[in-house]
Amino acid sequence: MQLTLNEQELVAKARNGDEGAVTLLYDAHIEAVFDYIRYRVDSTEEAEDLTSEVFLRMVRGLVGYKEQGVPFRAWLYRIAANLIVDHYRRREKTQLASAPEYAASDEPDPLDHLANEEEAMHLRLALRRLPEEYQNLLILRFVEDLPHTEISKILNKSAVSLRAMQYRALKALAEQLNELSTSYNAFRKHNL
Amino acid sequence: MDDQFTPEEQHLIERLRAAPKVKLSASTREAIRQQMLSEFRTSVVAAQRPATFNRYHLQRLIVWCAAASIIIIVAGLLFLQNRSQSTPNHEATTLVASSDNQVAIAVASPTETLIPTIPITITPAPSVVTEVPSEVPSTETSVPIPSTPPEKIVVVEGPITTVVNNVITIHDFNIEVEAQHPILNLIDVGDVVRIEGTIGSDNQIVASMVSNITSASMVNNTVAATVNLDGLVEAIDGALITVNGIQAQLDADNPVLRTLQVGDFVSVQGDFQANGATVVLLVARITLIDNATLPENNCWYHDTGMGMGHWHCDGMGMGIGMGMGMEAMGMEAPPGMGIEPGMGMGMGN
């Protein structure tokens, strides 16, 4: 994060209508928020739309924002997490919910991707098969590299429960990656 | 939290950390920024501006003004009501004791103004002096006592304590009446009278109007009555009749004149008016009292309204005071029983 020391000062200025301050906040957090969302949704387009909505809600909520001893980004992640939940609820109304299968993904053909892109795709797909809490924890902890104190605020969980959840989440992710790897290998073997 | 991971877990974590991240394109990033700033200007920046006076504020203002007006009106009414009730006590504070008697002194306070519509409570309380602004017209017509319009009018009502020459004493207030005023022939100790006047140089009230009718006595639409005269008709000369030695002028076409005879008992209300060199009572209302209603002992009760009145007894003293609504209660106190709070004895008519 580029901003930590002066973050609350920036927030205060933004609340007072300082456009430069709100721009700095945006620049400081846009990539991380987008990363987090991208891991949680199926497509880049969905992630961009949701990221945009996160920052719209940020500026709308600035007046009522209260500093609670955690970095400003924790609030942004919380907004993003809620938006993702709403996003899937809306989608469930229009189409039957289904766990994102490899073949059902709207990702481009994995054969067209480089190895690192395949790796990223695998990880996202595996994460998407996990319960929502596991996804949030693993992404925030290991992709976004947030400390447990912030994650506990974002997910509204105690540090002890996070520790236990982290163990189960990593185990579940390993299982999903194994399943996806088996499925992917079979797919490639069948199509080559 | 100090995490301890197995090698398999550590490997998985490294995979997560090393996973390539999708980069947000510069155009998308800028588009999101502009969208956010636009929202920022309409929400946060607008909130920083002073609130505009919109329709909502106008409605709130109207409601507040209406509520404030109601409160002010109610408070004003309560104030006037309290002032009306407390007037006698308040005015008592304006009294100054002279060496001989107490007199009423009109001490005008700039903030104390009596509203003319407030009825003046008349009671035989020890102090019944009411200050009336001079510009307020009285509901009763002044008797023709020429006097300079007073700046401050003092109103005294109550039973007469003494009459010495042309000085009437009511509740220890000395009121000087014009020596030749015909009302002096009508009033006596105990009569309840209403006197308006001004404060003279010797702190004595100089009467500008004397009435033995204490209640507002507008008997018709044009003529107010300040004098009540009860008695036997002694002479009839056309429309000019004499009652108890007082000449009373009736309208020539007054129907009472057709049947009125000398010896009839009448109750006359009117105003003294100058008639050349003499003063006559210009009759506003005349009532022929049926003799059958008179008690056998030649006494009668004269109700002056408002539950007040007095007994008249030919050749005897009379108890004068307040009937206190006895007639209204279907009761009539007989003379001489001392029921009325009479203020002494005098010569009866």
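These numbers come from the heavy atoms of this one structure, side chains and all, not from hydrogens, waters or symmetry mates. Every chain is numbered from 1 and lettered A, B, ... according to where its sequence line falls, protein lines coming before strand lines.
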- Which bit of A:D49 is near chain B, if near means a heavy-atom gap under 4.5 Å: side chain, backbone, both or neither? neither
- Message: I'd like to verify something: which residue of B:K23, B:E9, B:R15, B:E14 has the highest number of heavy-atom pairs under 4.5 Å with chain A?
- Response: B:R15
- Item | chain A contact via B:L16 - which portion, at a heavy-atom distance below 4.5 Å | both
- Note on the structure: Turns out that what part of A:L56 lies under 4.5 Å from chain B's heavy atoms comes down to both
- Task: Carefully, step by step, assess A:L170 and B:F5 under the rule side-chain contact (heavy atoms from CB on, under 4.5 Å).
- Result: CA-CA 10 Å; A:L170 284 171; B:F5 299 113; 3.9 Å; yes
- Message: Quick check on the structure: residues of residues 32-40 of chain B within a heavy-atom distance below 4.5 Å of chain A, by number.
- Response: B:I32, B:R33, B:Q35, B:M36, B:L37, B:E39, B:F40
- Query: What pairs with A:Y167 under ring-ring contact (aromatic ring centres under 6.0 Å, His included), at least two apart in sequence or on another chain?
  - Reply: none
- Item | Partner chain B: residue of A:E48, A:E19, A:E53 with the largest heavy-atom pair count (under 4.5 Å) | A:E19
- Message: I'd like to check A:L177 versus B:L12 (side-chain heavy atoms, cut-off strictly below 4.5 Å). Are they in contact?
- Response: yes
- chain B contacts, top residue of A:Y26, A:F34, A:F55 (heavy-atom pairs, under 4.5 Å): A:Y26
- CA sep, side-chain torsions, deciding dist, call: B:L24, A:R38, side-chain contact (heavy atoms from CB on, under 4.5 Å): CA-CA 10 Å; B:L24 194 61; A:R38 183 63 191 89; over 6 Å; no
- Query: With only heavy atoms counted, which part of A:E31 is less than 4.5 Å from chain B, the side chain, the backbone, both or neither?
  - Reply: side chain
